[in-house]
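Below you'll find the structure, written out as structure tokens, and then a few comments.
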Amino acid sequence: SIDYNRIIGVLISQSRFDLAERYYDTMKPKGFSLNSFTYSRYISGLCKFKDFANIQKLLEDMDRLGVVPDTWACNIYLYLLCSENLVDMALEVLQLMAEKGREPDMVSYTIVISGLCKARRLDAAVRMWQIMLGKGIVPDDRACRALVLGLCDGGKVDLAYELTLGVMKGRVKFSTSIYNVLIGGFCCAGRIDKAQAIKTFMRRNGCKPDLVTYNVLLNYCCNELILEEAEKLMEKMERGG
RNA sequence: AUUCGUGCUCACGCG
């Protein structure tokens, strides 16, 4: 018999979705189906072309067959939905993942949290963050950044600070970039003193300010014409952190 | 195997 998984898999890897679809459509009435690996690759590939109609079709077929896409495929789809401002659909997919035994992982949550923030639904984003923590997931750098950046962009700098440095201080080792985002957030809010305080704080916690740290601060000082402060920063930077 | 498929910070530059 014909190995449709292999044939369609090769076509997908070559981005020949036109042919893949033709094989798929002739295969289906004959009672053949694909495995989760191939379906997952298929969906991932279609995401690149934002082919919502065909993604939907495949998901429905999979549902009938009791096949579930792997976490990567789900995450790629989640990312597509969020970047197309279809956060509510993303939330549904997240829900379905859990129901079908594909527990959302840290990447899934990061994508959705970031999507909710972009949609200005900060409360929902924070709730999602708490749900993630409740599942015992220890957020990595990127997960933290997604939340902190999202909240800062939405003007909720203090909340961003609270939820990260405030609660998890001592339990999690934060990276320089988390501090950088917070420093940027406080600068945006016009609170340079607080931004400077975080810079001091990070050093005490073993994180050297890096080029980005200084860029953020310098940028703010220059835009606001606080040139004496900018000069001090330049000196400190040259002294090596 | 179809093996290379998913999320993140400033400025600059590129589009």
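Note that the coordinates shown come from a computational prediction; the quantities given were computed from them, not determined experimentally. Letters go in sequence order (proteins before strands), and every chain restarts at 1.
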Considering only side-chain heavy atoms of [X], which listed nucleotide, [options], is closest?
{"X": "A/W72", "options": "B/C10, B/U3, B/U6", "answer": "B/U6"}
{"X": "A/I76", "options": "B/G5, B/G7, B/C10", "answer": "B/G5"}
{"X": "A/S44", "options": "B/U6, B/G5, B/C10", "answer": "B/G5"}
{"X": "A/S40", "options": "B/G5, B/U9, B/G7", "answer": "B/G5"}
{"X": "A/F37", "options": "B/A1, B/U9, B/U6", "answer": "B/A1"}

Can you tell me how far [atom2] of [N] sits from [atom1] of [X], to the nearest Å?
{"X": "A/N215", "N": "B/A11", "atom1": "CG", "atom2": "P", "result": "9 Å"}
{"X": "A/L147", "N": "B/U9", "atom1": "CG", "atom2": "C1'", "result": "14 Å"}
{"X": "A/K199", "N": "B/C10", "atom1": "NZ", "atom2": "P", "result": "19 Å"}
{"X": "A/I137", "N": "B/G7", "atom1": "CD1", "atom2": "P", "result": "17 Å"}
{"X": "A/K48", "N": "B/U6", "atom1": "NZ", "atom2": "C1'", "result": "11 Å"}
{"X": "A/L211", "N": "B/U9", "atom1": "CG", "atom2": "P", "result": "16 Å"}
{"X": "A/L81", "N": "B/G7", "atom1": "CG", "atom2": "P", "result": "14 Å"}
{"X": "A/L217", "N": "B/C10", "atom1": "CG", "atom2": "P", "result": "14 Å"}

Side-chain heavy atoms under 4.5 angstrom apart, residues restricted to Ile, Leu, Val, Met, Phe, Trp, Tyr: same cluster for A/I113 and A/M106? yes
Any chain of hydrophobic side-chain contacts (each under 4.5 Å) joining A/Y220 to A/L149? yes
Checking all strands, does [X] fall into the base, sugar-phosphate, or nothing category for heavy-atom contacts under 4.0 angstrom?
{"X": "A/V212", "answer": "base"}
{"X": "A/N219", "answer": "sugar-phosphate"}
{"X": "A/D70", "answer": "base"}
{"X": "A/S108", "answer": "nothing"}
{"X": "A/L149", "answer": "sugar-phosphate"}

In whole Å, what separates the C1' atom of B/G5 from that of B/U9? 25 Å
Do A/Y179 and A/N205 get their side chains close enough for a donor-acceptor pair, meaning under 3.5 Å? no
Are A/D63 and A/K100 within salt-bridge range, i.e. N to O under 4.0 Å? yes
Measure distances between side-chain N and O atoms of A/D105 and base N and O atoms of B/G7, and say whether any donor-acceptor pair falls under 3.5 Å. no
When you measure from the centre of the six-membered ring of A/F52, is the NZ or CZ of A/K57 under 6.0 Å away and within 45° of the axis? no
Under 4.0 Å from OP1 or OP2 of B/U6: is there any side-chain N or O of A/R102 that close? no
